[in-house]
Structure formats: C-alpha cells, structure tokens
J.: 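The structure is given below, and queries will be raised subsequently.
Keep in mind it's a predicted model, so treat the numbers as computed, not measured.
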Amino acid sequence: MSAPNAGDTAWVLVCAGLVLFMTPGLAAFYGGMVRTRNVLAMLQQNMIALGVVSLTWVLVGYTIAFGDDAGSGLFGNLELFGLADLKVPPAPNLHVVDGRITIPTLAFVLFQMMFAVITPALVTGATAGRLRFGGWVLFLAVWSVVVYAPIAHWLWHPGGWLAKFGTQDWAGGLVVHASAGAAVLAVLLVVGRRRDWPHTAAPPNSIPLTIVGAGILWFGWFGFNGGDGLQANGLAAQAVLNTHLAAAAAMLVWLALERLTDGHSTVVGAVSGAVAGLATVTPTAGYVNAASAVAIGALAGLVCHFALKLKYLLRLDDALDVLAVHFVGGMLGTLLLGLFGNRGVNPLGADGLFLGGGGGLLWRQLVGVVSVVAFSFVLTWLIAAGVQALIGLRVPPADQERLDQAQQGADAYHLGGVTSLTAPGAPRRRAAAAPAGEPAVPPGQRVRVVTALLEPDPAANSADLRDALLRAGAISVIVSDAAVATTTPKASLLPRGYWQEQPLSARLRVTVLVGADGVGAVLDELDRMGARRSDTFVQEAERVQS
C-alpha cells in the first residue's frame with residue numbers, strides 16, 4: 001500500500017478545520033434567529049456538540065462507522081474502540097479514494113469527526129426554545145453513536161450495505177442532512193410545540209448575526225464538500241466550484257420567489273436560499289458538472305422555498321425551518337443525483353437518467369433515502385422518548401421564553417440603561433465628576449413637567465429635537481422608548497415570509513421640564529413634531545432641595 005501523500009493529507013486537514021468552523025457558524029446562524037432571551041441557550045446547544053460528539057466519536061463512533069464491517073453491512077466491529085491499533089492509511093476506496101492515494105488514518109478520523117459533530121447540531125434550529133440542556137447533552141451522546149455512526153457505515157464504508165447496493169452520497173445528503181431531518185421529525189413529536197404556536201410569531205433578535213453565521217457556513221462548506229474525495233486534485237476543485245454555484249443559483253431563485261410572493265427580497269431570504277442550495281448539492285458535489293450544479297441549486301431554491309409550508313401541513317413547530325432547508329434539501333439532492341450523475345466527472349460515480357444511465361441510479365438513491373429516513377426517525381424517537389422519561393428533554397413551559405436566565409443565569413445583551421448602571425461589586429476606575437454649573441431652576445421653585453408621545457420617524461434627529469425644545473423654554477429634556485396599544489395591529493414582515501401582527505406600536509416618550517410661562521411654547525413645538533394633545537400631559541412639579 002502506498003505511503004501517505006503529503007499534499008492530500010494537508011488538504012484534508014485544512015478541510016477538517018473548515019468543517020469545524022461550520023459549527024460555530026451554525027450557532028450564529030441559529031442564534032440570530034431566536035428571541036433575545038434564548039440566544040445563549042441556542043449558542044450553547046450547538047457548541048456543546050464539539051465537546052460531546054468529539055469524545056463519543058473517538059471512543060466508539062469511528063469504529064462503528066469505519067471499522068471493518070461486522071459482516072452484515074450495518075456497522076463496523078469494535079476493534080478500533082478508543083482508536084486502538086489504527087492502521088496507517090484508511091482502507092482503499094473510502095469515498096472515492098483511489099487505492100494508490102492514501103492519507104494517515106488520524107487525518108481521516110479528524111475530518112470525519114467534524115461531520116459527526118455538526119449533524120445532530122442541525123436539530124437545534126427546529127427545537128428552539130424547548131430543549132433542557134442536560135437532556136440535550138445525553139441525546140447528543142447516544143444519537144451520535146446509535147444513529148449517525150451506523151448510517152455513515154452504510155454509505156461511506158466499502159462494506160456498508162448501501163455502498164455495496166450502489167447508493168451514492170458524496171458529502172452527506174443522506175448521512176448528514178436526511179438523517180438530521182428525520183431526527184427533527186422525531187424530536188419534535190417528543191418535545192412538542194412552543195406555547196401559542198402557530199398563533200404567535202418569534203421575531204429574530206439579530207439578523208446581522210444570522211448573516212455572519214451564514215457566511216461562515218458558506219465558507220466552511222468548501223471543506224465540507226471539497227475534502228470528501230480525500231485528495232487535492234481536480235475533482236476537489238470541481239466539488240468546491242459546484243458547491244458555490246449551487247448556493248448562488250439557489251439564492252437568486254429564492255429571492256425571486258420572495259419578491260413574487262411577499263413583495264420584498266430580503267437578506268434572510270438570500271442566505272436561506274444559499275444554505276438550501278448548499279445542502280442540496282452536498283450529495284452530488286463530486287459527481288456532477290458545473291452546469292448540473294447550477295440546475296440543482298435552482299431547483300433547491302424553488303422546492304425548499306415552497307417547503308416552508310411543510311411544518312404547517314404536518315403541524316410540527318419547526319422553529320427555524322430545518323425541515324424545509326436541510327431535510328428537503330438533502331433528500332432532493334440525493335434524488336437529483338439519479339438524474340444528473342456524470343461518470344465523466346468522476347469515474348467512480350454513475351451516469352444518471354439525463355446522461356443516458358437509465359433509472360438504475362435513481363432507484364438506488366430512492367432506496368437510500370427511504371432507508372436512512374426510516375432508520376433515523378424510529379431510532380431518534382426511541383432515544384428522545386427515553387431521554388424525556390429519564391431526565392427530561394423538554395423545558396418547562398414557563399422557561400421557554402427565558403432559557404438564558406433559566407439555564408445560564410445570564411443574558412446575551414445588556415443594552416438598557418438600568419443594566420448598564422454601576423452596581424455593588426462592579427469595578428470602578430474613578431469617581432464620577434460633579435455636574436458643572438448652577439442648577440437652571442432654584443430649589444423650591446414651581447415648574448411644569450410636560451410628557452408627550454411622538455412617532456419615532458419625525459423625531460429621528462436627536463439634536464434637532466433637543467434644540468427645538470430648548471428654544472421653546474425647556475429646562476431639561478428626557479427621551480425614552482415607549483409603546484402604545486393600538487386598535488388596529490400593525491402587520492410586519494418577518495424572515496422567510498412569515499408575518500406578525502403587533503398590537504403595540506413603538507413611540508418616543510418625551511419628558512420636558514419647563515417653567516410655567518414656557519408650557520405653551522413647548523406644547524406648540526411638540527404639536528409641530530406630531531404629538532397628539534390626547535397623549536400629552538402637563539403636571540405641576542417642584543424641584544427637590546439639594
């Protein structure tokens with residue numbers, strides 16, 4: 001057997017790093033889409049997979065997935081438990097590796113470990129707001145061994161029964177996306193819906209964070225798909241190019257559909273389409289040409305966009321549309337390989353229906369989809385139900401809107417004035433300076449407090465607001481956020497075509513301290529800014545003695 005190839009080894013190690021980077025990218029992608037008080041919980045649910053699954057993979061996951069077949073094609077034997085007695089290179093023909101090209105087994109272990117880590121993390125997007133942390137950790141450990149590792153053996157080990165049957169999966173359309181999507185279906189049956197779903201909407205807390213996460217995922221996907229040939233060659237370049245083209249095509253189709261259906265093309269729609277394209281091209285990336293990758297991406301944007309309605313048809317509270325993007329995308333790409341497969345791109349592949357190969361490959365892909373989905377769904381339901389009965393997987397309903405405080409005793413954001421105040425125990429650099437100058441109103445003098453509500457837009461310039469009120473005679477001006485109840489709820493567009501009717505409308509509360517003789521001028525100025533007299537109050541006040 002040939003000695004390890006240095007160039008191929010370096011490429012696989014780089015790709016392993018890229019795939020690792022996808023897990024914090026997924027955490028950011030999901031974290032920006034949840035409510036403000038659940039951000040830290042979502043980030044932790046994703047990041048903990050790096051700790052839990054990495055260890056289960058080294059101990060037993062790898063040997064089940066890539067140890068010598070136990071004879072049934074269903075799982076590997078346990079000879080490599082804890083990575084004991086490793087062979088120098090991986091077995092020939094793993095994925096599409098030619099027997100003459102090898103890499104060290106540890107490089108292969110590391111690369112495959114990152115796939116095992118991110119796969120169950122995909123589930124967290126569907127279960128947002130409902131997972132008990134301890135139960136989730138136990139679920140991760142069991143699922144990565146009992147569900148993920150056998151499926152990886154079926155498709156990515158030469159002795160796996162689906163691999164021998166002829167089902168193809170370049171980088172995880174079945175092993176990653178379809179298995180995780182089927183797991184979503186099962187877990188949602190156990191943890192149930194959020195309170196008031198689908199009658200209440202959950203606006204995202206930070207779309208910029210979601211976009212950053214999507215960018216990391218797109219970047220990491222080059223390693224996700226590019227490294228699965230385990231060689232730094234033209235086929236790797238083809239896989240990376242196909243990955244990018246499919247994401248681009250899916251993005252544009254998704255945006256066009258958004259424009260037609262909702263009247264706006266949104267940045268969240270753009271990255272949703274891109275991720276759908278990435279998931280869909282994954283099983284095909286090393287088996288099709290560039291033109292086919294564009295077609296696959298376009299179909300992903302079309303099908304996955306309309307699949308957003310799937311959760312309502314199934315009555316499953318999939319919070320962040322994992323079913324539409326990953327589950328549908330993974331299955332769709334697997335089946336499309338049966339149409340677009342091209343042996344001219346990869347001699348170890350097979351021609352699909354459109355390339356004159358007949359329907360044989362399509363049939364084998366269909367068998368793979370049904371087998372993986374059924375296996376993952378049944379085993380996942382048993383695992384989730386067992387964890388729920390043993391230590392609990394679903395959080396109490398009262399904690400669903402405050403997971404960060406309930407599970408971590410902390411908040412992701414400290415943006416309000418009260419939370420920014422110095423408190424006992426806080427570090428202090430120097431004492432605050434005393435206010436300069438004499439008070440504008442002598443102690444004991446009678447003054448008026450004028451309170452009004454303004455629309456945010458007309459008062460957008462704080463300097464103009466302040467100067468106008470000071471010219472009218474104001475002694476001090478305080479501006480704060482407020483909300484007023486409305487008889488006609490305001491409809492606002494949320495990401496991915498969802499709508500929310502908000503019965504509270506944002507206002508600015510302006511509190512002005514003014515002498516008695518200046519009240520009229522201040523009221524006139526507030527009228528000019530759009531304040532309604534019915535929402536304006538004048539109170540008599542007295543400045544407190546120093």
Side-chain angles (χ1 to χ4, degrees), residues 14-34 39 42-43 45-47 49-50 53 111 113-126 128 170-173 175-181 184 204 206-228 239-252 254-255 266-285 293 296-297 300-301 304-305 319-330 333 495-496:
V14 168
C15 289
L18 290 173
V19 181
L20 183 151
F21 195 32
M22 292 176 73
T23 296
L26 184 70
F29 184 71
Y30 285 165
M33 295 288 285
V34 298
V39 178
M42 176 58 74
L43 297 177
Q45 287 169 15
N46 282 267
M47 296 301 293
L50 282 166
V53 181
F111 180 64
M113 176 191 295
M114 301 312 161
F115 284 77
V117 166
I118 197 171
T119 301
L122 294 173
V123 175
T124 62
W170 174 260
V175 177
V176 176
H177 297 286
S179 68
V184 164
S206 176
I207 290 178
L209 181 62
T210 292
I211 304 310
V212 170
I216 294 173
L217 286 173
W218 196 328
F219 174 64
W221 228 294
F222 287 171
F224 197 84
N225 288 351
D228 280 81
V240 171
L241 177 63
N242 288 346
T243 300
H244 186 70
L245 291 176
M251 171 189 282
L252 296 180
W254 192 293
L255 288 174
T266 67
V267 66
V268 173
V271 296
S272 298
V275 173
L278 292 165
T280 305
V281 79
T282 290
T284 73
I296 290 168
C304 293
H305 181 271
L320 305 183
D321 299 305
V322 178
L323 293 176
V325 175
H326 295 280
F327 187 40
V328 172
R496 295 175 179 158

J.: For a 4.5 angstrom cut-off between non-hydrogen side-chain atoms, does Val34 reach Val39?
T.: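 Yes, their side chains come closer than 4.5 Å.
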J.: Rounded to the nearest 0.5 Å, what separates atom CZ in Phe115 from atom CG in Asp228?
T.: 4.0 Å
J.: Looking only at heavy atoms, what is the nearest atom pair of Ala250 and Gly273, with distance?
T.: CB-O, 3.0 Å
J.: Return the set of residues passing ring pair (Phe, Tyr, Trp, His ring centres under 6.0 Å) with Phe327 (not counting sequence neighbours), or none when no residue passes.
T.: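 For Phe327 there are no ring pair (Phe, Tyr, Trp, His ring centres under 6.0 Å) partners, ignoring immediate neighbours.
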J.: Find out whether Phe224 and Ile118 are in side-chain contact, i.e. whether some heavy atom of one side chain is under 4.5 Å from a heavy atom of the other.
T.: yes
J.: Heavy atoms only: give me the nearest Gly125-Ala319 pair and the separation to one decimal.
T.: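 So the minimum-distance heavy-atom pair works out to O-CB, 3.6 Å.
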J.: State the CG-CG distance between Asn225 and Leu18, to the nearest 0.5 angstrom.
T.: 11.5 Å
J.: Quick one, Val123 and Val322 - any side-chain contact, counting heavy atoms below 4.5 Å?
T.: no
J.: Trp170 and Ala285: which non-hydrogen atoms are nearest, and at how many Å?
T.: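 Scanning both residues, the minimum pair turns out to be CD1-CB, 3.8 Å.
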J.: Which heavy-atom pair separates Val328 from Cys304 by the least distance, and what is that distance?
T.: CG1-SG, 4.3 Å
J.: What are the two closest non-hydrogen atoms of Pro120 and Val53, and how far apart are they?
T.: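 Pro120 and Val53 have their closest heavy atoms at CG-CG2, 4.3 Å.
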J.: Can you check whether Ala274's main-chain N or O pairs, donor with acceptor, with Trp254's side chain at less than 3.5 Å?
T.: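 Not confirmed, Trp254 side chain does not pair with Ala274 backbone.
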J.: Less than 4.5 Å apart, side chain to side chain, heavy atoms only: is that true for Val176 and Leu122?
T.: yes
J.: Would you please name every residue forming a ring pair (Phe, Tyr, Trp, His ring centres under 6.0 Å) with His326, sequence neighbours left out?
T.: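 Ring pair (Phe, Tyr, Trp, His ring centres under 6.0 Å) check on His326 returns His177.
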J.: Quick one: are Ser272 and Asp321 in side-chain contact, heavy atoms under 4.5 Å?
T.: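 Heavy-atom side-chain distance check fails, nothing below 4.5 Å.
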J.: Answer yes or no: is there a donor N or O on one side and an acceptor on the other, between the side chain of Thr119 and the main chain of Ala116, under 3.5 Å?
T.: no
J.: Nearest 0.5 Å please: distance from the CZ atom of Phe21 over to the CG atom of Leu26.
T.: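 Result: 12.5 Å between the selected atoms.
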J.: Is there a side-chain contact between Leu278 and Thr243, using heavy atoms and a 4.5 Å cut-off?
T.: yes
J.: Do any side-chain atoms of residues 207-218 form donor-acceptor pairs under 3.5 angstrom with protein atoms, and if so which ones, sequence neighbours left out?
T.:
residue	atom	partner	partner atom	Å
Thr210	OG1	Phe29	O	3.2
Thr210	OG1	Met33	N	3.4
Trp218	NE1	His244	ND1	3.2

J.: With a 3.5 Å distance limit and no angle check, can you tell me whether Thr124 reaches the backbone of Ala121 through a side-chain donor-acceptor pair?
T.: yes
J.: Give me the atom names and distance for the closest heavy-atom approach of Asn46 to Ala27.
T.: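 That closest heavy-atom pairing would be CB-CB, 3.6 Å.
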J.: Tell me, do Thr284 and Asn242 make a side-chain contact under 4.5 Å, heavy atoms counted?
T.: no
